[in-house]
Amino acid sequence: MTEMTPVTNATAVKTDAPKKMVLPDAQTVTSVRHWTDRLFSFRMTRPTSMRFRSGEFVMIGLMGDADPKTGKQKPLLRAYSIASPSWDEELEFYSIKVQDGPLTSRLQHIQPGDEIILRPKPVGTLVHDALLPGKRLWFFATGTGFAPFASLLREPQTYEDYDEIIITHTCREVGELAYGAELIEGLKSDELLAEVIGEGFWKKIKYYPTTTREQSPKMGRITDLMRSGEAFADLGTGPLDPATDRAMICGNLAFNLELKEMLESYGLEEGANSDPKQYVVEKAFLD
Ligand SMILES: Cc1cc2nc3c(=O)[nH]c(=O)nc-3n(C[C@H](O)[C@H](O)[C@H](O)COP(=O)(O)OP(=O)(O)OC[C@H]3O[C@@H](n4cnc5c(N)ncnc54)[C@H](O)[C@@H]3O)c2cc1C
Ligand SMILES: NC(=O)c1ccc[n+]([C@@H]2O[C@H](COP(=O)([O-])OP(=O)(O)OC[C@H]3O[C@@H](n4cnc5c(N)ncnc54)[C@H](OP(=O)(O)O)[C@@H]3O)[C@@H](O)[C@H]2O)c1
């Protein structure tokens with residue numbers, strides 16, 4: 001984790017990365033890490049003026065190929081959750097590699113020093129402001145849907161507002177859990193967060209990773225594990241209670257819809273920035 005310097009209007013974001021801003025809204029890649037043949041994460045410089053709330057997403061991308069007739073290039077942009085917290089000097093992203101995907105077939109080859117286009121207009125519903133106060137916060141993710149929670153798990157407000165944080169992450173294979181598992185393990189030795197939030201803040205987290213297509217200690221879709229009661233027994237909780245539990249959902253469309261229906265059956269209602277309630281949801285990608 002980088003230095004925990006709050007970014008305010010009066011604080012310039014400093015970076016040693018090379019400055020060769022040729023593209024519109026360009027930022028410079030500072031590091032890249034490949035987790036599996038389908039997943040990677042990267043960090044890049046952050047515009048001094050850019051503010052966002054932990055959990056929001058932005059549009060990022062690369063220049064598209066030149067039009068064969070005009071020779072003109074247009075930016076090729078996609079929505080990405082910001083995986084770093086709002087106080088971080090840099091921006092972090094956690095990405096899929098779609099082999100024939102217009103953006104990620106190229107984005108997966110980026111290297112430190114390369115430029116990425118960033119439209120610095122963050123938006124999204126997976127933010128604390130869209131939830132009413134509660135005692136226990138649930139993060140439900142599949143695949144790269146972990147990204148906004150990577151931000152919120154490093155956001156001090158998460159621990160100030162809640163007594164307990166439960167993060168469930170369902171992936172097909174064990175290797176797809178690595179980014180999240182390492183990030184959560186890293187919180188235990190994060191001295192800066194401990195200083196800001198309080199020693200042992202990470203003890204509020206209960207991490208519940210599951211896989212569906214490769215053997216791991218906990219197999220199955222989280223939805224099925226909740227329906228059978230197994231997840232609640234493992235976690236030592238009952239089903240979500242609208243009086244105390246709040247939830248954020250980020251996964252594929254079918255997952256989001258299934259979980260929404262389950263949460264509504266427990267009595268939770270969907271919130272929005274303008275109308276905070278008990279849970280919020282966002283797509284991890286467009287199907
Ligand atoms: C609000 C929002 C936030 C997003 N945040 C992220 C993020 O943090 N990280 C990220 O990797 N992607 C994220 N996405 C998806 C992202 O916008 C792109 O779809 C992705 O980068 C692939 O781009 P592409 O041009 O290569 O392929 P596309 O043409 O965009 O997608 C091709 C196909 O690949 C599959 N696909 C796309 N994205 C994913 C994914 N993330 N996981 C599994 N399958 C996928 C889908 O079947 C899709 O139809 C987000 C999407 C939305 C709407
Ligand atoms: N992950 C891979 O190894 C892989 C490899 C090549 C291509 N792809 C393609 O990439 C795309 C995305 O794959 P992905 O694995 O990143 O994401 P995904 O298909 O959304 O699956 C991620 C996890 O969510 C689970 N899930 C799916 N629908 C659910 C629901 N309704 N309720 C609860 N859990 C649900 C899946 O379980 P299930 O396994 O039970 O569906 C899986 O464990 C797909 O089109 C896939 O064909 C994936």
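Start at 1 and go down the list; that is how both ligands and their atoms are numbered. Just so it is clear, the model here is predicted, and its values are computed rather than measured.
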Ring geometry between Phe232 and Tyr266 (parallel below 30°, tilted from 30 to 60°, perpendicular above 60°):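 It falls in the perpendicular class, over 60°.
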Mutual orientation of the aromatic rings belonging to Tyr80 and Phe93 [parallel < 30°, tilted 30-60°, perpendicular > 60°]: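 Answer is perpendicular, since the angle exceeds 60°.
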With heavy-atom distances below 4.0 Å as the criterion, list the atoms of ligand 2 near [X].
X	result
Glu173	3 (O)
Cys171	42 (C), 43 (O)
Arg213	38 (P), 39 (O), 41 (O)
Ala254	31 (N)
Glu176	1 (N), 2 (C), 3 (O)

Pair Arg119 + Asp25: basic N to acidic O under 4.0 Å: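 Yes, charged N to carboxylate O under 4.0 Å.
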Considering only protein heavy atoms, which is closest to [atom], and at what distance to one decimal place?
atom	value
atom 2 (C) of ligand 2	Arg38 NH1, 3.2 Å
atom 31 (N) of ligand 2	Glu258 OE1, 2.9 Å
atom 27 (C) of ligand 2	Asn252 ND2, 3.1 Å
atom 37 (O) of ligand 2	Thr212 OG1, 3.3 Å
atom 23 (C) of ligand 2	Thr170 O, 3.5 Å
atom 30 (C) of ligand 2	Arg221 NH1, 3.3 Å
atom 33 (C) of ligand 2	Thr223 OG1, 3.1 Å
atom 19 (O) of ligand 2	Arg172 NH2, 3.0 Å

Main-chain N/O of [Y] paired to [X] side chain as donor or acceptor, under 3.5 Å:
X	Y	value
Ser81	Ala83	no
Glu269	Lys277	no
Lys135	Thr244	no
Ser151	Gly55	yes
Thr212	Arg221	no

Ile96 N/O to ligand 2 N/O under 3.5 Å: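 No, Ile96 has no N/O under 3.5 Å of an N/O on ligand 2.
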Side-chain heavy atoms of Phe42 within contact of Leu107, under 4.5 Å: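 Heavy-atom side-chain distance check passes, below 4.5 Å.
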Option passing side-chain hydrogen bond (donor to acceptor under 3.5 Å, both in side chains) with Ser86 (candidates Arg53, Gln157, Glu155):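 The option that passes is Glu155.
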Result of checking Thr211, Asp234, Thr168, Thr170 against Lys218 for side-chain hydrogen bond (donor to acceptor under 3.5 Å, both in side chains):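 Of all the options given, the one that passes is Asp234.
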Residues in contact with ligand 1, criterion: heavy atom under 4.0 Å: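 Phe57, Arg78, Ala79, Tyr80, Ser81, Tyr94, Ser95, Ile96, Val98, Gly101, Pro102, Leu103, Thr104, Thr144, Ala147, Lys283, Ala284, Phe285, Leu286.
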Part of Ala284 with heavy atoms under 4.0 Å of ligand 2, whether side chain, backbone, both or neither: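 Neither part.
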Gap separating the OG1 atom of Thr104 from the CZ atom of Phe285, nearest 0.5 angstrom: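 Those atoms lie 11.5 Å apart.
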Distance (rounded to the nearest 0.5 Å) between Ile184 CD1 and Arg154 CZ: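 Answer rounded to 0.5 Å: 10.5 Å.
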